[in-house]
Student: 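Before anything else, here's the structure in question.
Everything numeric in this text was worked out from a predicted model, so none of it was measured.
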Amino acid sequence: EKGNFGNGMALSPDGKRLAYVANSEGRGLLWVRPLDSLSAQTLPGTDGAVFPFWSPDSRFIGFFVPGKLRKVEASGGPPQTLCDVPNTGIGASWNRDGVIIFGTNSSGLFRVPQAGGAAAPLTTLDAGRQEVFHGRPWFLPDGRHFLFYAQGSMLENSAIYLGTLEGKERKRLVGARQGAAYVPPATSAEKGHLLFLREGTLMALPLDAKSFEIAGDAFPVAEQVGSSISNPFFSVSANGVLVYRAGGTGGNTQLAW
């Protein structure tokens, strides 16, 4: 699949479809491509979309446009506005209890109901760590815990943290310069894995699936994975399908499964 890709790609939780932003005639639009098909469909009304993400039932796609968070049925239809977004949205995640969390380029995370409403602050920036923003949240399977990326004014201080919906507590998991994702274990005897980029290499860090404690050393999964500031060009489904964008930081590039 070749094209002039925009900002964001997301595999559906069931691993069957890929949503991505591609630029056509100077406009960024959402496209949906079934993995068992060679053709992709565009979703009308999604001009200017960035950072797509899926509902847990793989029915809806959420996305940002300037100043707004919206959702649209993956099969098409008119998009709905969920809430206002201060500044620029930087990634979102949607749990089975109907909670959507999202980040921006100049704040902590926010939460909003899937039906829409006013966005409520969820995390706060740590001035002591000189944090600039929190973004790229990723719900873990329990729907309470989530990963998020905290960018510092000095990139070497940026890291992936574990947070919860209920509390202000958070735990640093690994230093990183882009967001991360989580792959649940295939069986109860195995570990889950946190996926993150380290200088263009996609790494997998074993995490205990119940305590979310680090349970081993990170190991490489794929080389030369593309990224932009805070935005890694890979996505993974709940059942372990992985898609990533190989190569540099834009232009005509190729997706790999």
Side-chain angles (χ1 to χ4, degrees), residues 9-18 35 53-58 91-97 99-101 103 109 122-123 134-151 157-227 230-246 255-257:
M9 64 168 72
L11 269 175
S12 58
D14 61 15
K16 294 181 178 178
R17 289 177 291 180
L18 178 73
L35 294 197
F53 61 101
W54 289 82
S55 62
D57 60 5
S58 300
S93 192
W94 190 331
N95 76 5
R96 293 189 180 279
D97 298 320
V99 177
I100 294 171
I101 59 178
L109 301 179
L122 178 60
T123 64
H134 295 165
R136 303 295 301 188
W138 186 282
F139 269 117
L140 298 179
D142 66 359
R144 277 186 56 239
H145 291 85
F146 54 86
L147 307 173
F148 68 97
Y149 169 71
Q151 182 157 308
N157 296 333
S158 303
I160 305 299
Y161 287 85
L162 176 73
T164 70
L165 286 179
E166 294 84 16
K168 303 290 185 189
E169 298 287 316
R170 55 157 137 155
K171 182 172 70 174
R172 187 182 188 276
L173 293 175
V174 63
R177 297 190 179 188
Q178 292 94 12
Y182 176 78
V183 189
T187 69
S188 59
E190 297 175 353
K191 306 294 183 193
H193 289 88
L194 184 157
L195 299 180
F196 68 101
L197 287 187
R198 179 177 286 163
E199 295 179 353
T201 297
L202 183 61
M203 306 292 290
L205 179 68
L207 284 187
D208 184 282
K210 291 195 174 76
S211 68
F212 305 116
E213 296 284 343
I214 293 171
D217 295 327
F219 57 91
V221 176
E223 302 285 340
Q224 294 183 318
V225 177
S227 68
S230 84
N231 184 31
F233 296 148
F234 73 87
S235 183
V236 66
S237 70
N239 54 6
V241 180
L242 171 70
V243 165
Y244 64 90
R245 196 168 108 181
L255 296 181
W257 276 258

Student: Using side chain to side chain contact (heavy atoms under 4.5 Å, CB included) as the criterion, list what pairs up with A204, not counting sequence neighbours.
Tutor: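 Side chain to side chain contact (heavy atoms under 4.5 Å, CB included) check on A204 returns H193, L195, F219, V221.
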Student: Test of understanding: with side chain to side chain donor-acceptor pair (under 3.5 Å), list the residues that count as partners of D57, not counting sequence neighbours.
Tutor: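 By the side chain to side chain donor-acceptor pair (under 3.5 Å) rule, D57 matches S55.
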Student: What are the two closest non-hydrogen atoms of G216 and I214, and how far apart are they?
Tutor: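 For G216 and I214, the tightest heavy-atom pair comes out as O-CG2, 3.5 Å.
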Student: How would you list, by chain and number, every residue that makes a side chain to side chain donor-acceptor pair (under 3.5 Å) with W94, sequence neighbours excluded?
Tutor: Q114
Student: Taking all heavy atoms of P185 and all of G192, pick out the closest pair and write down the distance.
Tutor: CD-CA, 3.7 Å
Student: Heavy atoms only: give me the nearest F53-A92 pair and the separation to one decimal.
Tutor: CE2-CB, 3.4 Å
Student: R172 and A159: which non-hydrogen atoms are nearest, and at how many Å?
Tutor: NE-CB, 3.6 Å
Student: Looking only at non-hydrogen atoms, find the nearest pair between S58 and S12 and report the distance.
Tutor: OG-CB, 3.7 Å
Student: Out of V99, L109, I100, I101, which one pairs with S93 under the side-chain contact (heavy atoms from CB on, under 4.5 Å) rule?
Tutor: I101
Student: Partners of N239 by side chain to side chain contact (heavy atoms under 4.5 Å, CB included), sequence neighbours excluded?
Tutor: S237, V241
Student: Of the options L162, L140, I160, which is the one that meets L194 in a side-chain contact (heavy atoms from CB on, under 4.5 Å)?
Tutor: I160
Student: What do the steps show when you test T123 against R170 for side-chain contact (heavy atoms from CB on, under 4.5 Å), and what is the final call?
Tutor: CA-CA 9 Å; T123 64; R170 55 157 137 155; over 6 Å; no
Student: Test of understanding: with ring pair (Phe, Tyr, Trp, His ring centres under 6.0 Å), list the residues that count as partners of Y161, not counting sequence neighbours.
Tutor: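 So Y161 forms a ring pair (Phe, Tyr, Trp, His ring centres under 6.0 Å) with F148.
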Student: Please test T201 against V225 for side-chain contact (heavy atoms from CB on, under 4.5 Å), starting from the C-alpha separation and ending with a verdict.
Tutor: CA-CA 6 Å; T201 297; V225 177; over 6 Å; no
Student: For the backbone of A180 and the side chain of Y149, can you confirm whether one donor and one acceptor N or O come within less than 3.5 Å of each other?
Tutor: no
Student: For F196 and L173, what are the C-alpha separation, side-chain angles and deciding distance, and is it a side-chain contact (heavy atoms from CB on, under 4.5 Å)?
Tutor: CA-CA 11 Å; F196 68 101; L173 293 175; over 6 Å; no
Student: Rounded to the nearest 0.5 Å, what's the gap from CD on Q151 to CZ on R136? Could you check?
Tutor: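 One finds 12.5 Å between CD of Q151 and CZ of R136.
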Student: Between CG of L242 and CG of L202, what distance do you get to the nearest 0.5 Å?
Tutor: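 It comes to 6.0 Å.
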Student: So, using side chain to side chain donor-acceptor pair (under 3.5 Å) as the criterion, who are the partners of K16 when residues are at least two apart?
Tutor: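 Listed in chain order: nothing, the list is empty.
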Student: Can you list every salt bridge (charged side-chain N to carboxylate O under 4.0 Å, His left out) pair that touches residues 197-210, not counting sequence neighbours?
Tutor: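 Non-adjacent pairs meeting salt bridge (charged side-chain N to carboxylate O under 4.0 Å, His left out): K191-D208.
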Student: Would you indicate whether the side-chain heavy atoms of L197 and Y244 approach each other to under 4.5 Å?
Tutor: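 Counting from C-beta outward, Y244 and L197 never come under 4.5 Å.
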Student: Check side chain to side chain donor-acceptor pair (under 3.5 Å) between S235 and all other residues, then give those that pass, not counting sequence neighbours.
Tutor: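 By the side chain to side chain donor-acceptor pair (under 3.5 Å) rule, S235 matches no residue at all.
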Student: Salt bridge (charged side-chain N to carboxylate O under 4.0 Å, His left out) with R144: which residues, sequence neighbours excluded?
Tutor: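 Per chain and number, R144 pairs via salt bridge (charged side-chain N to carboxylate O under 4.0 Å, His left out) with E166.
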Student: Which residues satisfy the salt bridge (charged side-chain N to carboxylate O under 4.0 Å, His left out) test with E190, sequence neighbours excluded?
Tutor: none
Student: For the pair F146 and N95, evaluate side-chain contact (heavy atoms from CB on, under 4.5 Å) and give the outcome as yes or no after the intermediate values.
Tutor: CA-CA 10 Å; F146 54 86; N95 76 5; over 6 Å; no
Student: When rounded to the nearest 0.5 angstrom, what distance separates NZ in K171 from OG1 in T164?
Tutor: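 It comes to 11.5 Å.
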Student: Which heavy atom of P13 sits nearest a heavy atom of W54, and at what distance?
Tutor: CD-CB, 3.5 Å
